[in-house]
Amino acid sequence: MSTIMGTAEFLRCVAVSIEPSNPKPYVSKPYPCNPSFDCFSKRFRLQSMVAEDVRTKRSSVISNSKKNGDLTEVLTYKDAGVDIDAGSELVRRIAKMAPGIGGFGGLFPLGDSYLVAGTDGVGTKLKLAFETGIHETIGIDLVAMSVNDIVTSGAKPLFFLDYFATSHLDVDLAEKVIKGIVDGCQQSDCALLGGEVFPHLTALMLGFKFLNDNACYHQWNIYASQTAEMPDFYAAGEYDLSGFAVGIVKKDSVIDGKNIVAGDVLIGLPSSGVHSNGFSLVRRVVARSGLSLKDELPGEAITLGEALIAPTVIYVKQVLDIIGKGGVKGIAHITGGGFTDNIPRVFPKGLGAFIYKDFWEVPPVFKWIQEAGKIEDAEMRRTFNMGIGMVLVVSPEAALRILGEGNGRNSAYRIGKVICGNGVSYS
């Protein structure tokens, strides 16, 4: 009975929380690429080559450090328990069973349009929420990770579903999380269609239906059912989240990267910080640093915890506005894998990216992470967004317009260009 009463109170809280959402640019002609020919200066080396050298040197450093008992060896994402190469290998194997896998969103044909779907969680950033007690924005991260993925195809998000799992329902805590999800949906102009809440013994389906005329109709469907008990699965006060978003785009308006050519411009949209990737490594760095999450980020008037928990930017409105004005050929959401793995995903074969390293402001939190963790440049670029959360591949003419319009919250940077070659190289 207490569980049912707690659930009823939680539903009341959610119902109250939901409201209806009210450098010098140039113009140049594209030129063809021969994949065997590098169109850039030989003094620049491809990132893949640099990364290989770094891995070789790093292995030697770590090996010698461990032999000597040195606790100051460089840290890597793999050291923190996340193997990006293993993840890439899994995607490669899945692609054999389900062709078409590998994009940021999945496309399903529907008449003259595509439904574009994406799903994600927020990873071990949840640990930061547990440790800081800041739960109000983690729901924004959850929405952002899915809607930012599907907008890379040019899709407008339609609806979002969430999954909230816990061993014991804390109504006040859950309300904070759901409010963040609602905020994220409002920022991306999509409906919170429904989701599941799993307390210890009771499963609930929550249905939300939003009308397009800015009115909001709430329909609650509650199904009490026995589920498997999960003792020790979630610690007291902890929970897990996952989300799922669906959008739509006309077939003749899909952004798929097929028309990208050498000479196109890379436009970067700034991030708010770490966003929702790399936190296994971040937590390892924090543990090594000797600082607590309540301590100030060195040189900044903000605590380390506040800097790290800053919610992921939702780019939907800004990106759709830019797409609507033309000239956008490809879009990469910079998540796990950083620039190194994400930008090449949108390129046709034989093309690569050349990045101007110092053409945007890198947030102080990344500088601290690198210094405190003694992390190599290549590892930072393959793990974190480094201050750029979304990269648009556009024509030179479109770049002039975008950069000319960029200001305030919608600022944008010219961070590089498309070149003949492969991978990502840096100035």
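Worth knowing before you read on, the calculation uses all heavy atoms, side chains too, and leaves out hydrogens, waters and symmetry mates. Owing to the predicted nature of the structure, the values given are computational and were not obtained by experimental measurement.
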Is it true that the NZ or CZ of Arg382 lies under 6.0 Å from the centre of Phe339's six-membered ring and within 45 degrees of the ring axis?
-> no
If you take all heavy atoms of Leu173 and Phe164, which pair is closest and at what distance?
-> CD2-CZ, 4.4 Å
So Asp377 and Gln370, side chain to side chain contact (heavy atoms under 4.5 Å, CB included) or not? Walk me through it.
-> CA-CA 8 Å; Asp377 286 345; Gln370 183 166 20; 2.6 Å; yes
Any Lys/Arg nitrogen of Lys176 or Asp172 sitting under 4.0 Å from an Asp/Glu carboxylate oxygen of the other?
-> no
Grab the two heavy atoms, one from Leu142 and one from Ser242, that are nearest each other, plus how far apart they are.
-> CD1-C, 3.5 Å
May I have the list of side-chain donor-acceptor pairs in residues 105-123 shorter than 3.5 Å, sequence neighbours left out?
| unit_1 | atom_1 | unit_2 | atom_2 | d |
| --- | --- | --- | --- | --- |
| Asp112 | OD1 | Lys250 | NZ | 3.4 |
| Asp112 | OD2 | Lys250 | NZ | 3.0 |
| Thr119 | OG1 | Gly243 | O | 2.7 |

Can you check side chain to side chain contact (heavy atoms under 4.5 Å, CB included) on Val282 and Thr124, steps first, answer last?
-> CA-CA 10 Å; Val282 166; Thr124 56; over 6 Å; no
Answer yes when Asp264 and Lys417 have at least one side-chain N-carboxylate O distance shorter than 4.0 Å, and no when they do not.
-> no
Does any N or O in the side chain of Asp295 come within less than 3.5 Å of the main-chain N or O of Ser292, such that one atom is a donor and the other an acceptor?
-> yes
Measure the acute angle between the ring planes of Phe130 and Tyr239, then classify it against the limits of 30° and 60° as parallel, tilted or perpendicular.
-> perpendicular
Starting at NZ of Lys374, measure out to CD of Glu379 and round the result to the nearest 0.5 Å.
-> 16.0 Å
Side chains of Tyr234 and His168: donor-acceptor distance under 3.5 Å anywhere?
-> no
Crowding at NZ, Lys258 (>12 non-hydrogen neighbours, <6.0 Å) = no
Yes or no on side chain to side chain contact (heavy atoms under 4.5 Å, CB included) for Ile419 and Ser425, after CA distance, side-chain angles and deciding distance?
-> CA-CA 10 Å; Ile419 59 173; Ser425 55; 3.8 Å; yes
Considering only heavy atoms from C-beta outward, does the side chain of Phe384 approach that of Pro363 to under 4.5 Å?
-> no
Decide yes or no for Lys349 and Leu351: does some side-chain heavy atom of the first lie under 4.5 Å from some side-chain heavy atom of the second?
-> no
Is there side-chain contact between Thr137 and Ile134, with heavy atoms separated by less than 4.5 Å?
-> yes
In short, Ala245 meets Val147 closest at the heavy-atom pair CB-CG1, 4.0 Å
May I have the list of side-chain donor-acceptor pairs in residues 151-159 shorter than 3.5 Å, sequence neighbours left out?
| unit_1 | atom_1 | unit_2 | atom_2 | d |
| --- | --- | --- | --- | --- |
| Thr152 | OG1 | Asp149 | O | 2.5 |
| Lys156 | NZ | Asp189 | O | 3.2 |

Indicate the atoms forming the closest heavy-atom contact of Leu128 with Phe279, along with that distance.
-> CD2-CD2, 3.8 Å
Are side-chain heavy atoms of Gln187 and Val143 found at a separation under 4.5 Å?
-> no
Please confirm whether the backbone N or O of Gly326 pairs with a side-chain atom of Arg401, one donor and one acceptor, at under 3.5 Å?
-> yes
Heavy-atom pair of closest approach, residues Val285 and Ile369 = CG1-O, 3.8 Å
Give me the one residue out of Val249, Ile255, Val394, Leu392 that meets side chain to side chain contact (heavy atoms under 4.5 Å, CB included) with Ile323.
-> Ile255
Could you tell me whether the side chain of Asn385 and the main chain of Gly273 form a donor-acceptor pair under 3.5 Å?
-> yes
Sidechain N-carboxylate O distance under 4.0 Å for Lys179, Glu175 | yes
Under 4.5 Å between any side-chain heavy atoms of Ser395 and Lys329, yes or no?
-> yes
Please set out all donor-acceptor pairs under 3.5 angstrom arising from side-chain atoms of residues 300-311, sequence neighbours excluded.
| unit_1 | atom_1 | unit_2 | atom_2 | d |
| --- | --- | --- | --- | --- |
| Thr303 | OG1 | Glu306 | N | 3.0 |
| Thr303 | OG1 | Glu306 | OE1 | 3.2 |
| Glu306 | OE1 | Thr303 | N | 3.1 |

Would you check if the side chain of His275 reaches a backbone N or O of Val313 as a donor-acceptor pair within less than 3.5 Å?
-> yes
Between Gly336 and Asn342, the two heavy atoms sitting closest are O-ND2, 3.2 Å
Checking Thr166 side chain against Leu169 main chain: does a donor-acceptor pair fall under 3.5 Å?
-> no
With the side chain counted from C-beta on, respond yes when Leu241 and Leu126 share a heavy-atom pair under 4.5 Å apart, and no when they do not.
-> yes
Derivation of the side chain to side chain contact (heavy atoms under 4.5 Å, CB included) call for Ser167 and Phe233 = CA-CA 7 Å; Ser167 59; Phe233 200 82; over 6 Å; no
In this structure, CZ of Phe244 is separated from CD1 of Ile150 (nearest 0.5 Å) by 9.0 Å
From CD1 (Ile331) to OH (Tyr315), nearest 0.5 Å = 12.5 Å
For residues Tyr413 and Leu266, determine if any side-chain heavy atom of one lies less than 4.5 Å from a side-chain heavy atom of the other.
-> no
How long is the gap from CE on Met390 to CG on Asn148, to the nearest 0.5 Å?
-> 4.0 Å
Determine whether Val393 and Val265 make a side-chain contact, defined as any pair of heavy atoms from C-beta on separated by less than 4.5 Å.
-> no
Report the distance from atom CD1 of Ile388 to atom CD1 of Ile355, rounding to the nearest 0.5 Å.
-> 9.0 Å
Do the ring planes of Tyr356 and Phe359 sit parallel (below 30°), tilted (30 to 60°) or perpendicular (above 60°)?
-> tilted
Would you give the length of the straight line joining atom OG1 of Thr383 to atom CG of Asn277, rounded to the nearest 0.5 angstrom?
-> 9.5 Å
